[in-house]
Amino acid sequence: MTKDRVLSGMRPTGFMHIGHYHGALKNWVALQAKHECYYFVADWHALTSHYDDPRVIATSTYDMVTDWLAAGLDPNQCAIFLQSQLPQHAELTVLLGMITPLGWLERVPTYKEQQENLNEKDLTTYGFLGYPLMQAADILIYGAQHVPVGEDQVSHLEITREIARRFNHIYGREPGFEDKALAAVKKLGGKSAKQYEAMKTAYQQDGNAEALDAARALVAAAGSISAAEKEMLAAFLTGARKQVLTEPQALLTPTSKITGLDGRKMSKSYGNGIDLREAPASVEQKIKRMPTDPKRARRTDPGNPDDCPVFTLHQVYSSDATKAWVRQGCTTAGIGCLDCKQPVIEAVNTELAPMQARIKEIDARPGHVREVLGDGCARARRVAEATMQEVRHAMGLANL
Ligand code: TRP
Ligand code: SF4
C-alpha cells in the first residue's frame, strides 16, 4: 500500500522556539512515521517580503534545520530540503501563473493584511502577490494529500485547491477518457454500476453533495477495480477528466496555546520566546519574570489561571493533577506564583535537555546539515521532476 504524502514548509527564521515546537514541529515528527513526508525551508518565500535583507537567509536556514533535527525530524524517515535547490518549484510556479486569475491572488486575505502589517516595506511587488501561487506549486508538485499548517494558512490551501481544479479542468482531457471511465463503471458490477450512475446524475444535475460523497465511498470500497480505475471514477463524478494535480487538504495543527513571555503570541519578532537552545538558567529566569494574572498583585490576592499567560504553559506541559493543583491554589491564594511556575520550569528544561544534546552532536559534525539537505533534495527532486514531466506534457510543451 502506498502511503499518503505530507508536505509542509517554513520560512527560514533561525532558532526555533517552544511555540514552533508545540505548534508545528512536534506534529511533523509524529507524521513522519506514518506518511511519506517532505519538509522544506521556504527560502524564496522569505524573499517575497525580505528581499532587501538577504544576508540572514543562509544562517537562518542552517540554524532552523539544525533545530528541526534536534526536535526529532529524522532524515531517514522524511525528506528535508531547501526550496531554492529545486528549480522545479519555480518552473511550476511560472506554468501555474498562466492559468491563475489575478483576482484570485488579490482576494487572498493575507495579501492585504500583510501589506498593512508590514507597512514600512513596499510589498506592492509581483513576487509578493504571487506568494500563494508559489506555495500552491510547492504543494502540488509533490501531490501531497495533507499539509500540516496553522489556521493562518487555510486560505493558501483553498487557493491551492482552486488552482489544481482549474488545471485539471483545462488540461486533464485525455483522449478516450470517457470510454475508459464507462468501461470501469461496468466493471463495478450490475447493482453498484447502477447506483454509481444514479448518484453521478444526482450530483451533476442537482448538485446533491451527499450523493457525491456516497458515490465516492462506493468507488473507494469497490473490490472489482484497480487503483487507477478508482481514481478515474472519482474524477468522472465531478466531470473532471484525468486528475493531473491532487487537491490537498490542510491538516490543521491546533494553534499552539503557548503565549509569549509578555502574554502576546510567542513570536521571534516580539523577542518574547523561549528557544529550543535556551540554557536551563535562562529558562528559569525568563519564566520567573513572566507576568501573571494582574489580579494577584500580592501573594494573598486570589487569581484566575484563565487570565494568566503562565497557565498556557501548564496547558502544554502539566498533567491534569498539576493543573488542578494550580487552579485550586491560584483561586484561593493557596500557592504563590513562584510556586506555580516551578513545575513548568522543570518540565520545559526536561523537554529541552535531549534536544540540546542533539544540537551539540550536530554542531560537532560539520557538514552534517548540508548532507541532510543534499540527500533530502535528491529524494524530493525525483518526485518533483516526475510531476513536472506530466505537467509539461499536459500543457503541450514539446519534448523534442
Ligand atoms: N506560507 C507558509 C508559512 O508562512 C510557508 C510555506 C511556503 C508553506 N510554502 C509552503 C507551508 C507549502 C506549507 C506548504 O508558514
Ligand atoms: Fe498564574 Fe499560577 Fe500565579 Fe495563578 S498562581 S496567577 S496561574 S502564575
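We count residues from 1, following the sequence as given. Numbering of ligands and ligand atoms starts at 1, following listing order. Worth knowing before you read on, the calculation uses all heavy atoms, side chains too, and leaves out hydrogens, waters and symmetry mates.
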Trainee: Could you check whether any side-chain N or O of Lys341 sits under 3.5 Å from a backbone N or O of Met290, counting only pairs where one atom can act as donor and the other as acceptor?
Mentor: yes

Trainee: Just to be sure I understand the site: which N, O or S atoms from the protein are less than 2.8 Å away from atom 1 (Fe) of ligand 2?
Mentor: Cys308 SG

Trainee: Would you name the heavy atoms of Ala181 and Leu233 that are closest together and state the gap between them?
Mentor: O-CD2, 3.5 Å

Trainee: Non-hydrogen atoms closer than 4.0 Å to ligand 1: which protein residues do they belong to? List them by chain and number, please.
Mentor: Leu7, Ser8, Gly9, Arg11, Phe40, Ala42, His45, Tyr131, Gln135, Asp138, Ile139, Val147, Val149, Gln153

Trainee: When you measure from the centre of the six-membered ring of Tyr270, is the NZ or CZ of Arg264 closer than 6.0 Å and no more than 45° off the axis?
Mentor: yes

Trainee: Give the cluster check for Ile258 versus Leu352: same hydrophobic cluster or not, with ILVMFWY residues linked at side-chain heavy-atom distances below 4.5 Å.
Mentor: yes

Trainee: Classify the ring geometry of His17 against His20: parallel below 30°, tilted from 30° to 60°, perpendicular beyond 60°.
Mentor: parallel

Trainee: Is Leu252 isolated, or which residues cluster with it under the ILVMFWY side-chain rule of less than 4.5 Å, directly or via members?
Mentor: Val154

Trainee: Are the side chains of Leu157 and Pro248 in touch, meaning some heavy atoms are under 4.5 Å apart?
Mentor: yes

Trainee: Show your reasoning for whether ring-ring contact (aromatic ring centres under 6.0 Å, His included) applies to His393 and Tyr171.
Mentor: CA-CA 9 Å; His393 172 74; Tyr171 302 111; over 10 Å; no

Trainee: Which residue pairs satisfy the side-chain hydrogen bond (donor to acceptor under 3.5 Å, both in side chains) criterion with at least one member in residues 185-201, sequence neighbours excluded?
Mentor: Lys187-Glu229

